[in-house]
Asks: 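Handing you a structure now.
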Amino acid sequence: MKTTENKISENPTKGIKISGAEAVIRCLLAEGVDLIYGYPGGAIMPIYDELYKFQEELQHVLTRHEQGATHAAQGFARTSGKVGVAMATSGPGATNLVTGIADAQIDSTPMVCITGQVGSHLLGSDAFQETDIIGISTPVTKWNCQITKASEIPSVMAKAFYIARSGRPGPVLIDITKDAQFDTFDFSYEKCTGIRSYKPVPEIDPAAIAEAAEAINNAKKPFIIWGQGVILGNAEQEFKDFVEKSGIPAAWTILGLSALPTAHPLNVGMVGMHGNYGPNMLTNECDLLIAIGMRFDDRVTGDLSTYAKQAKVIHFEIDPSEINKNVKADIPVMGSCKDSLATILSLIRKNTHEKWISRFDDFMKIEVEKVIDKDLNPTKEGLTMGEAIMAINKHTKGDAVIVTDVGQHQMVACRYAEFVRSKSNVTSGGLGTMGFALPAALGAKMGAPEREVVAVIGDGGYQMTIQELGTIFQTQTAVKIVVLNNDFLGMVRQWQQLFFEKRYASTEMVNPNFVAIAKGYNLEAKKVDKREDLDAAVAEMIASEKPYFLEICVEKEANVFPMIPTGASVSEIRLN
């Protein structure tokens with residue numbers, strides 16, 4: 001694939017009339033886009049016709065479903081740090097994008113989606129494949145816009161990319177009527193560098209920094225919880241410097257995972273519903289809670305009326321709407337956390353909190369005995385999900401990108417996967433989208449082709465987007481696909497067992513021959529159901545230079561612990 005630099009300057013167009021469809025392609029090239037995911041159809045056919053002429057500069061990946069295009073664009077954005085791009089036609093093509101757009105919105109993933117629309121003279125007439133995608137997508141986009149005139153395309157496209165990538169990133173949707181794609185105009189393009197009344201990054205308040213530093217220096221039991229804001233802000237080094245100088249134990253939300261290496265001595269694990277015992281319990285013992293680039297999601301806080309009431313709260317945040325939304329911040333520190341952490345570093349004292357950290361160690365010993373040993377060194381015959389994740393760790397040495405779907409396998413992977421560098425954990429966090437992992441892994445591999453990418457998926461979510469095996473086969477993208485098969489919708493079944501007296505309503509799966517399906521797409525494939533075969537099978541998968549499918553049959557009715565029941569306090573975390 002060739003680079004896109006200077007394609008516009010090689011073919012000057014200023015003062016020359018071009019179609020709106022060609023303008024869309026030239027705008028994408030001007031923004032440095034060289035890869036898009038999509039699915040053609042009638043209302044976007046003019047853009048696809050122009051795309052055909054630029055295929056040397058702009059690669060298009062034909063997914064098997066429009067939802068797959070958005071998830072692939074998300075995976076690409078999460079590993080590359082660039083804006084992901086997805087395209088679809090009007091009507092059902094556009095509505096099929098909505099789940100991925102909503103997922104990107106709540107997980108702050110930069111994405112631009114382009115949809116075709118019926119001719120402007122047909123708008124509002126219930127024409128064939130007409131849908132009000134602007135109205136539908138308004139609640140789940142950072143911004144959206146409908147274009148009815150070709151001349152609007154350059155300015156709207158420039159604004160879309162600026163909004164998608166600036167400040168707290170998110171998805172943008174542009175809907176372009178068919179006549180706007182055909183009409184011609186004098187094309188010129190200028191990147192957007194600012195929008196009146198839109199301030200994506202708040203200015204740092206020196207007084208807030210000074211107040212936060214004083215609180216940190218005086219705290220006896222400080223505790224850091226970090227989220228994806230550290231990764232989105234490219235603040236990994238500043239964050240590491242802050243943690244090490246302050247000596248404060250730090251725990252992560254699932255989207256923050258990998259910003260600090262798993263093995264770092266001050267990384268004390270995961271908070272939240274299936275997080276580690278110590279970080280959850282000690283949230284309600286710390287005297288200072290320092291939240292960095294996280295939004296106090298309900299899965300992290302549990303019962304808000306009992307959450308960290310004894311602690312003073314410092315909240316480092318780029319989005320003003322998150323301040324005091326769920327948890328009151330005593331000291332809000334607005335701005336990019338990269339800049340904020342760099343600024344505060346000189347004001348905090350070098351410190352250690354050995355006695356306080358030993359409390360986390362004590363809780364970890366209890367968790368190892370009651371939970372982790374059973375997950376990783378089981379005495380039962382059946383394989384555990386934890387064993388599968390540890391085998392992947394062994395053969396990737398913690399340097400793979402792990403892409404997960406939603407459910408038990410996701411929580412087990414987040415708990416036990418080992419990471420040595422950032423942008424290594426790609427999952428659907430806020431929306432919890434089953435079907436996310438397979439197409440997202442395709443995009444993640446294309447976003448970081450030099451890295452090993454392993455999709456870890458449950459048998460339920462896998463079948464929601466299983467058709468994307470066709471995209472993987474056609475592109476020959478070397479994604480490694482691991483399905484942890486327990487013949488159940490495992491997380492729902494766990495809740496039914498614990499809270500609904502084992503009434504397993506519509507959660508048992510009668511699954512197909514997954515290996516045969518993978519082989520039908522000409523992928524290398526294998527099935528493992530015995531412990532003695534697991535290591536060799538994972539080794540063979542990782543060694544392969546081609547896409548590979550591995551089904552690992554695990555215990556049918558195993559549960560994921562620790563667990564905080566819905567609505568309970570973080571202190572009410574259960575170990576069994």
Side-chain angles (χ1 to χ4, degrees), residues 74 77-82 106-110 165-170 200-202 204 208-209 212-213 216 222-272 275-276 279 283 288-297 299-300 313-320 322-323 327 329 331-345 348 398 401-402 414 417-427 429-430 448:
Q74 288 176 271
R78 296 270 283 273
T79 57
S80 69
K82 300 176 182 178
I106 200 164
D107 282 355
S108 304
T109 303
R165 66 165 67 101
S166 61
R168 180 180 180 175
V201 182
I204 293 174
I209 291 285
I216 290 167
F223 179 37
I224 294 168
I225 300 177
W226 88 85
Q228 190 186 201
V230 173
I231 297 171
L232 294 173
N234 297 308
E236 292 91 342
Q237 187 59 53
E238 290 80 3
F239 176 66
K240 183 170 178 283
D241 292 343
F242 174 76
V243 169
E244 290 178 347
K245 185 175 182 182
S246 67
I248 299 173
W252 36 270
T253 69
I254 63 169
L255 291 178
L257 175 56
S258 83
L260 192 68
T262 310
H264 193 284
L266 290 171
N267 184 340
V268 294
M270 178 168 76
V271 291
N276 293 105
T283 296
L288 180 67
L289 181 59
I290 307 164
I292 304 176
M294 57 86 74
R295 58 189 182 85
F296 289 111
D297 176 74
R299 288 293 170 104
V300 167
V313 176
I314 300 173
H315 194 171
F316 288 82
E317 181 56 54
I318 198 169
D319 183 356
E322 293 296 344
I323 298 297
V327 172
I331 308 173
V333 181
M334 300 305 303
S336 160
C337 63
K338 185 179 182 71
D339 296 334
S340 299
L341 292 173
T343 303
I344 202 171
L345 192 65
I348 60 171
V401 176
I402 305 294
C414 287
E418 296 170 359
F419 297 112
V420 297
R421 58 169 150 162
S422 188
K423 293 186 176 71
S424 295
N425 175 56
V426 177
T427 194

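In what follows, every heavy atom counts, from backbone to side chain, and hydrogens, waters and symmetry copies are set aside.
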Asks: Do the side chains of I314 and V333 get nearer than 4.5 Å, heavy atoms only?
Replies: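 The answer is yes, as the side chains (C-beta and beyond) meet within the 4.5 Å cut-off.
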
Asks: Knowing that exactly one of L260, L266, I292 qualifies, which makes a side-chain contact (heavy atoms from CB on, under 4.5 Å) with I224?
Replies: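 It is I292; the other options fail the test.
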
Asks: Under the ring pair (Phe, Tyr, Trp, His ring centres under 6.0 Å) rule, collect the residues that match up with F239, sequence neighbours excluded.
Replies: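 Applying ring pair (Phe, Tyr, Trp, His ring centres under 6.0 Å) to F239 gives W226.
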
Asks: Donor-acceptor pair, distance only, cut-off 3.5 Å: does the side chain of E317 make one with the backbone of P332?
Replies: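 Not at all, since once roles are kept as given, no pair shorter than 3.5 Å links the two residues.
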
Asks: What's the separation between atom CD1 in I318 and atom CG in L232, rounded to the nearest 0.5 Å?
Replies: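 Going from the CD1 atom of I318 to the CG atom of L232 covers 9.0 Å.
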
Asks: Looking at residues at least two apart in the chain, or sitting in another chain, which of them share a side-chain hydrogen bond (donor to acceptor under 3.5 Å, both in side chains) with T427?
Replies: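 T427 satisfies side-chain hydrogen bond (donor to acceptor under 3.5 Å, both in side chains) with T404, Q410 once adjacent residues are dropped.
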
Asks: Quick one: are I225 and F296 in side-chain contact, heavy atoms under 4.5 Å?
Replies: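 The answer is no, as the side chains (C-beta and beyond) never meet within the 4.5 Å cut-off.
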
Asks: How long is the straight-line distance from CG of D297 back to CD1 of I106, given to the nearest 0.5 Å?
Replies: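 It is 7.0 Å, given to the nearest 0.5 Å.
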
Asks: Got a second to check how far R295's CZ is from D107's CG, nearest 0.5 Å?
Replies: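 Taking CZ in R295 and CG in D107, the distance rounds to 7.0 Å.
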
Asks: Taking the side chain from H315 and the backbone from L289, do they hold a donor-acceptor pair closer than 3.5 Å?
Replies: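 The answer is no, because no donor-acceptor pair under 3.5 Å joins these two groups.
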
Asks: Mind checking the CD1-SG spacing from I254 to C414? Nearest 0.5 Å is all I need.
Replies: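 I254 CD1 to C414 SG: 5.0 Å, rounded to 0.5 Å.
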
Asks: If the condition is salt bridge (Lys or Arg N to Asp or Glu O under 4.0 Å), which residues does R168 pass it with, not counting sequence neighbours?
Replies: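 Partners of R168 under the salt bridge (Lys or Arg N to Asp or Glu O under 4.0 Å) test: D319, E322.
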
Asks: Would you compute the distance between atom OG of S336 and atom CD1 of I204 and round it to the nearest 0.5 angstrom?
Replies: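 Separation between the atoms: 7.0 Å.
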
Asks: Just jot down the salt bridge (Lys or Arg N to Asp or Glu O under 4.0 Å) partners of K423, sequence neighbours excluded, or say none.
Replies: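 Listed in chain order: nothing, the list is empty.
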
Asks: Any pair with a residue in residues 246-255 that passes salt bridge (Lys or Arg N to Asp or Glu O under 4.0 Å), sequence neighbours left out, goes on the list, sorted by first then second residue, please.
Replies: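 Qualifying pairs, neighbours excluded: none.
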
Asks: Does F223 have any ring pair (Phe, Tyr, Trp, His ring centres under 6.0 Å) partners at least two apart in sequence or in another chain, and if so, which?
Replies: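 Residues passing ring pair (Phe, Tyr, Trp, His ring centres under 6.0 Å) with F223: F360.
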
Asks: Can you pull the side chain to side chain donor-acceptor pair (under 3.5 Å) pairs that have at least one residue in residues 240-255, sequence neighbours excluded?
Replies: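 Of all non-adjacent pairs touching residues 240-255, those that pass side chain to side chain donor-acceptor pair (under 3.5 Å) are Q237-D241, K240-E244, E244-H264, W252-N267.
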
Asks: Please name all residues satisfying side-chain hydrogen bond (donor to acceptor under 3.5 Å, both in side chains) with T262, sequence neighbours left out, ordered by chain then number.
Replies: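 Once residues adjacent in sequence are excluded, T262 has no partner under the side-chain hydrogen bond (donor to acceptor under 3.5 Å, both in side chains) criterion.
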
Asks: With sequence neighbours excluded, tell me which residues meet side-chain hydrogen bond (donor to acceptor under 3.5 Å, both in side chains) with N425.
Replies: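 Partners of N425 under the side-chain hydrogen bond (donor to acceptor under 3.5 Å, both in side chains) test: none.
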
Asks: Taking salt bridge (Lys or Arg N to Asp or Glu O under 4.0 Å) as the definition, give me every residue that meets it alongside E418, ordered by chain and number, with sequence neighbours left out.
Replies: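 For E418 there are no salt bridge (Lys or Arg N to Asp or Glu O under 4.0 Å) partners, ignoring immediate neighbours.
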
Asks: I need the minimum non-hydrogen distance between I323 and M334, along with the two atoms involved.
Replies: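 Heavy atoms only, the tightest pair is CG1-SD, 3.4 Å.
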
Asks: In Å, rounded to the nearest 0.5 Å, how long is the span from CZ of F242 to OG1 of T343?
Replies: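 Going from the CZ atom of F242 to the OG1 atom of T343 covers 12.0 Å.
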
Asks: Just to verify, what does D339 make a salt bridge (Lys or Arg N to Asp or Glu O under 4.0 Å) with, not counting sequence neighbours?
Replies: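 Expected list: none.
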
Asks: Quick one: side-chain hydrogen bond (donor to acceptor under 3.5 Å, both in side chains) partners of S422, sequence neighbours excluded?
Replies: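 Partners of S422 under the side-chain hydrogen bond (donor to acceptor under 3.5 Å, both in side chains) test: E236.
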
Asks: For the backbone of G233 and the side chain of K338, can you confirm whether one donor and one acceptor N or O come within less than 3.5 Å of each other?
Replies: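 No; judged by distance alone, with no hydrogens or angles, the pair does not exist.
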
